[in-house]
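Counting starts at 1 for both ligands and their atoms, following the listed order.
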Amino acid sequence: MSPADTAIEVEGTRRVVRGACPHDCPDACAMLVTVEGDRVTRVQGDPAHPVTQGFLCTKVNRYPERTHHPERVLRPLRRVGPKGRGEFVEASWDEALTDIAARLNAIRHSPDGPEAILPYSYAGTMGILQGESMDRRFFHAIGASLLDRTICATAGMMGMRMTVGASIGTDIEGVPESDLIILWGTNTLTSNPHLWPKVLEARAKGAPVLCIDPIRTRTAEQCDEWIGIRPGTDAALALGLMHVLVAEGLQDDDYLARHTLGADALRARVAEYPPARVAAITGIPAERIVALAQQYGRAHAAFIRINYGLQRHAGGAMAVRTIACLPAITGHWRRAGGGVQLSSSGNFALNKAAVQRPDLIPAGTRTINMSRLGDALTQPDAGVGGPPVRALIVYNSNPAAIAPDHLRVVEGMRREDLFTVVLEHFRTDTADHADWILPATTQLEHLDLHWSYGHHYVTLNTPAIAPIGEARPNTEIFRRLAAAMGLDEPALRDDDETMLQQALDTSDPRMATVTLEALRERGWVRLNLPTPYLPFAEGGFHTPSGKCEFVSERMATLGLDPLPSYTPPYESPERDPALVARYPITLISSPAHQFMNSTFVNVTSLQRAAREPEVSLHPTDAERRGIRDGARVLVANDRGSFEATARLREGIREGVAWAPGIWWAKASPDGRTVNATTSQRLTDMGEGPVFYDNQVEIAVVA
Ligand SMILES: Nc1nc2c(c(=O)[nH]1)N[C@H]1C(S)=C(S)[C@@H](COP(=O)(O)OP(=O)(O)OC[C@H]3O[C@@H](n4cnc5c(=O)[nH]c(N)nc54)[C@H](O)[C@@H]3O)O[C@H]1N2
Ligand SMILES: Nc1nc2c(c(=O)[nH]1)N[C@H]1C(S)=C(S)[C@@H](COP(=O)(O)OP(=O)(O)OC[C@H]3O[C@@H](n4cnc5c(=O)[nH]c(N)nc54)[C@H](O)[C@@H]3O)O[C@H]1N2
Ligand SMILES: [Mo]
């Protein structure tokens with residue numbers, strides 16, 4: 001598909017092309033892209049799309065500014081200075097591919113073997129093609145180490161899997177029918193803004209909207225009530241709510257009997273969580289816990305939106321699992337708008353195996369957890385046995401800024417014996433550590449196909465303009481690299497159109513509506529599900545028992561508590577009082593409104609709006625430390641430190657601080673991001689990172 005064939009409207013030199021927002025956000029928006037000559041002048045939300053509803057967010061409205069940015073990397077760049085200094089010279093694609101192919105082949109055929117090569121990617125683009133297609137085939141075919149992509153969502157995903165069996169939840173198109181909305185550990189207006197109009201529709205019909213968050217975020221400010229919970233204690237709150245529901249007879253006995261497993265055992269468990277105990281754990285007054293449970297129990301279709309914020313703690317999976325039990329106790333799954341949503345991804349039955357070809361993986365290939373990249377690069381056996389990591393190939397990610405314990409990551413990337421290739425749009429912190437930077441296309445320049453983790457539409461992205469400079473799609477770069485390395489696997493030659501068709505080639509009935517013809521015609525298509533879709537109205541859970549599992553055999557097998565329970569944070573008074581005495585402040589580093597993780601940090605208008613790396617804290621905590629608003633402070637713990645500007649904020653729990661992220665290290669006052677303080681520890685299930693399970697101390701910089 002060339003840019004010329006895909007216009008839906010042409011007027012002189014002006015064309016409008018259909019696209020999809022590629023970013024890591026549940027909203028997966030359908031875009032209309034206006035092109036004048038060879039420049040994109042505007043991106044808009046598709047007004048016809050039931051979720052996008054004609055608007056894009058603060059960041060993606062600036063996508064043309066990002067694509068046509070003067071600092072785009074437009075030719076291959078070869079390192080000339082010391083590692084990490086960011087000194088490069090331009091080279092031709094031929095030179096780049098020849099050198100990279102020779103280096104990778106040498107490692108592959110050395111005694112260390114191909115597992116010494118590590119791919120590192122996440123969701124810089126969520127596209128099936130540019131995110132997880134030819135790249136996977138390439139690494140599978142050479143036998144590189146596998147990467148466990150845990151950095152964001154695996155804890156919560158496991159939590160949902162244990163309780164309801166899949167990443168499936170309430171359809172947001174039913175949310176206008178909800179009679180109570182609880183935004184629980186999610187900053188909707190920042191990180192899921194297209195849910196908000198649905199929330200407002202429900203509110204207009206009388207549904208109260210509550211927000212449970214240690215920070216009074218911009219979302220909490222717009223809600224009817226902010227419940228400022230102590231970080232990492234959500235499971236205890238959910239158990240307390242269940243205690244009251246059961247004690248006051250607010251449960252749906254019929255739903256419990258027919259569609260749940262272990263209701264009696266759960267009843268016994270929640271007896272251990274009376275409101276007074278839960279108040280002591282969560283910091284929420286007992287009366288409020290009782291009133292919230294009554295409000296929830298008396299509602300008919302309460303909608304709980306959990307998001308990933310609350311699973312970035314030691315007990316993150318257990319927290320999600322526990323909250324996900326609530327709608328089965330009250331039977332709210334029966335009605336439109338009722339239930340819980342973490343993700344809607346589980347219904348997108350794209351044929352990923354055809355696209356990624358896991359059959360090419362050599363038996364016994366080792367896996368490295370991306371959340372422990374620091375250890376993988378600095379420990380000779382990568383912390384998991386096997387050869388040291390000798391080559392690192394990064395695309396769709398900026399680990400030098402975003403990975404936990406990033407000082408360790410940077411230390412590893414500075415190893416003289418590590419060969420690093422980075423496919424990028426910009427000279428990010430990670431790209432600065434490369435031996436080669438290869439110029440990648442942006443969403444406006446390549447073909448792609450998108451699913452969503454917040455709604456039920458598949459979206460096609462057609463290229464609006466030709467690649468700028470010598471930029472190439474990730475798929476094309478891996479195809480060319482495979483050829484330069486002399487790999488003869490035929491799957492490494494498929495073009496993007498072919499892989500797109502392979503993705504759609506499935507007999508799964510949920511995908512019956514999703515054809516290439518329909519996508520070409522409208523740009524997006526709803527999965528073959530009713531609107532609204534009520535996943536568990538009649539039970540039908542995806543667990544082994546087919547029921548909502550209050551008791552989970554699988555968790556018992558993993559050596560975990562099979563019942564919902566409260567797991568305190570690693571860095572909590574319950575588990576490590578000595579540490580908390582030294583580092584009394586819990587640091588939360590959730591997304592800045594203006595950035596998408598570390599993407600957009602270099603877009604001038606957005607950086608200006610985000611001001612500078614900041615840390616907000618409660619005036620009482622600030623006063624105790626002699627910190628004034630606007631002071632330069634050092635945020636530190638045993639892992640590292642970073643400097644930021646202090647902001648005093650009433651709307652935050654005492655003992656909690658907020659450093660919105662994720663700034664580039666090189667745009668930060670002392671070249672360190674908030675991830676200098678975060679740890680490489682992992683969650684209870686899913687082996688995810690614990691970014692917000694992080695105790696620090698804050699002091700004025702002398
Ligand atoms: N503008 C913008 N949007 C984004 C992103 C971005 O960087 N910028 N990132 C995208 C990505 S990759 C993701 S994963 C999502 C993340 O978006 P969300 O899933 O919404 O998660 P976070 O923003 O990490 O955290 C949400 C809220 O959880 C709160 N929180 C932290 N700890 C706890 C806790 O223990 N309990 C409770 N109840 N609340 C807690 C935080 O204060 C925060 O306000 O957003 C996506 N959307
Ligand atoms: N402290 C702290 N750290 C966090 C988080 C937090 O809340 N707090 N959130 C975590 C979460 S939820 C996530 S998901 C991760 C996100 O971390 P990453 O997945 O690394 O996301 P980004 O920082 O957005 O970096 C994506 C990079 O991909 C590049 N890119 C985009 N499209 C393309 C493409 O088509 N081709 C190529 N080659 N490159 C492309 C962009 O230019 C950008 O530099 O960060 C995690 N880190
Ligand atoms: Mo994420």
Side-chain angles (χ1 to χ4, degrees), residues 22-27 57-59 66 120-125 127 130-131 135 149 151-153 156 183-193 211-220 227-234 237 305-313 316 319 342 370-371 394-399 401-404 406 422-426 428-431 438-443 445-446 448 453 471 473-474 477 569 586-602 652 656 658-662 664 673-675 677-678 688-689 691-694:
H23 287 297
D24 187 354
C25 163
D27 298 4
C57 65
T58 312
K59 317 166 290 295
R66 186 173 184 278
Y120 195 94
S121 75
Y122 201 63
T125 165
Q130 307 311 330
D135 53 313
R149 292 177 169 80
I151 199 89
C152 174
L183 303 173
W184 195 332
T186 178
N187 187 1
T188 309
L189 283 171
T190 287
S191 53
N192 180 195
C211 185
I212 305 176
D213 196 305
I215 301 165
R216 187 161 190 246
T217 58
R218 69 170 68 212
T219 304
I227 299 173
I229 193 168
R230 192 189 128 210
T233 65
D234 303 277
L237 175 59
R305 179 54 159 122
I306 36 176
N307 215 325
Y308 292 100
L310 62 76
Q311 47 108 62
R312 306 196 203 288
H313 299 272
L342 175 66
M370 72 185 300
S371 300
V394 183
Y395 53 103
N396 301 342
S397 187
N398 184 13
I402 65 86
H406 88 120
V422 178
L423 285 60
E424 252 300 346
H425 302 150
F426 292 106
T428 60
D429 295 321
T430 304
L438 301 178
T441 45
T442 72
Q443 186 77 343
E445 302 152 72
H446 56 224
D448 222 327
Y453 58 95
N474 290 340
I477 297 175
T586 307
L587 182 66
I588 292 176
S589 48
S590 56
H593 192 67
Q594 295 81 5
F595 303 150
M596 168 54 61
N597 301 313
S598 77
T599 306
F600 294 102
V601 171
N602 63 330
I652 194 164
V656 176
W658 182 43
I662 309 165
W664 286 11
T673 78
V674 62
N675 281 319
T677 59
T678 54
F691 287 112
Y692 309 161
D693 190 332
N694 183 25

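In the vicinity of Ala592, heavy-atom distances shorter than 4.0 Å reach the ligand 1 atoms 1 (N), 2 (C), 8 (N). For ligand 1, the atoms lying closer than 4.0 Å to a non-hydrogen atom of Phe595 are 1 (N), 2 (C), 6 (C), 7 (O), 8 (N). Atom numbering of ligand 1 starts at 1 in the shown order; those under 4.0 Å from a heavy atom of Ile215 are 42 (O). Counting atoms of ligand 1 from 1 in the listed order, those under 4.0 Å from a heavy atom of Gly232 are 34 (C), 35 (O). Against a heavy-atom cut-off of under 4.0 Å, Asn307 is close to the following atoms of ligand 1: 18 (P), 19 (O), 20 (O). Listed by atom number, the atoms of ligand 1 under 4.0 Å from Thr217 heavy atoms are 44 (O).
If you check which protein heavy atom lies closest to atom 38 (N) of ligand 1, you get Asp234 OD1, 2.8 Å. Nearest protein heavy-atom neighbour of atom 27 (C) of ligand 1: Asp213 OD2, 3.2 Å. For atom 45 (O) of ligand 2, the closest heavy atom belonging to the protein is Ile402 CB, 3.6 Å. Among all protein heavy atoms, the one lying closest to atom 13 (C) of ligand 1 is Tyr453 OH, 4.1 Å. Atom 11 (C) of ligand 1 has Asp24 O, 3.3 Å as its closest protein atom, hydrogens excluded (heavy atom only). His313 NE2, 3.7 Å is the protein heavy atom nearest to atom 33 (C) of ligand 1. Among protein heavy atoms, atom 26 (C) of ligand 1 sits closest to Gly185 O, 3.4 Å.
The side chain of Asn675, and not its backbone, has at least one atom closer than 4.0 Å to an atom of ligand 2 (non-hydrogen atoms only; side chain from C-beta on). With a 4.0 Å heavy-atom cut-off, ligand 2 is reached by the backbone of Asn396 and by its side chain too. Only side-chain heavy atoms of Ile662 come within less than 4.0 Å of ligand 2; its backbone N, CA, C and O stay farther off. With a 4.0 Å cut-off on non-hydrogen atoms, Ser589 touches ligand 2 through its backbone as well as its side chain. Contacts between His406 and ligand 2, counted as non-hydrogen atom pairs separated by less than 4.0 Å, are absent for every part of the residue.
Cation-pi check for Arg66 over Phe600 is met; the charged atom lies under 6.0 angstrom from the ring centroid and within 45 degrees of its normal.
A heavy-atom separation below 4.0 Å is found between Ala123 and ligand 2. Residue Thr441 places a heavy atom under 4.0 Å from ligand 2. For the ligand labelled ligand 2, residue His23 lies outside the 4.0 Å heavy-atom shell. Not close to ligand 2: Gln443, with no non-hydrogen atom less than 4.0 angstrom away. Not a single heavy atom of Glu445 sits less than 4.0 Å from an atom of ligand 2.
Residue Thr428 has no nitrogen or oxygen atom sitting less than 3.5 Å from a nitrogen or oxygen atom of ligand 2, judged on distance alone. Not one N or O of Ile229 is nearer than 3.5 Å to an N or O of ligand 1, by distance alone. For ligand 1, none of its N or O atoms has an N or O atom of Pro26 under 3.5 Å away. Remark: ligand 1 and Ser191 share an N or O pair separated by less than 3.5 Å (distance only, no angle test). Close N/O approach between Gly661 and ligand 1 is not found [any backbone or side-chain N/O within under 3.5 Å]. Between Tyr308 and ligand 1, a contact under 3.5 Å exists for at least one N or O pair. In terms of polar-atom proximity, defined here as any N/O pair under 3.5 Å, Thr599 does make such a contact with ligand 2. At least one N/O-N/O distance between Thr190 and ligand 1 falls below 3.5 Å. The N/O atoms of Lys59, backbone and side chain alike, include one that comes under 3.5 Å of an N/O atom in ligand 1. Ligand 1 has no N or O atom lying under 3.5 Å from any N or O atom of Pro231, backbone or side chain.
Of all the listed residues (Phe691, Tyr692, Phe426), Phe691 holds the heavy atom that lies closest to atom 2 (C) of ligand 2. Nearest-residue assignment for atom 44 (O) of ligand 2 (options His446, Met596, Glu424; heavy-atom criterion): Glu424.
Using bins of under 30°, 30° to 60° and over 60° for the plane-to-plane angle, the ring pair Phe426/Trp664 lands in the tilted bin.
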Quiz prompt | Chi angles and distances behind the side-chain hydrogen bond (donor to acceptor under 3.5 Å, both in side chains) call for Asn307, Thr186 | solution = CA-CA 5 Å; Asn307 215 325; Thr186 178; 3.1 Å; yes
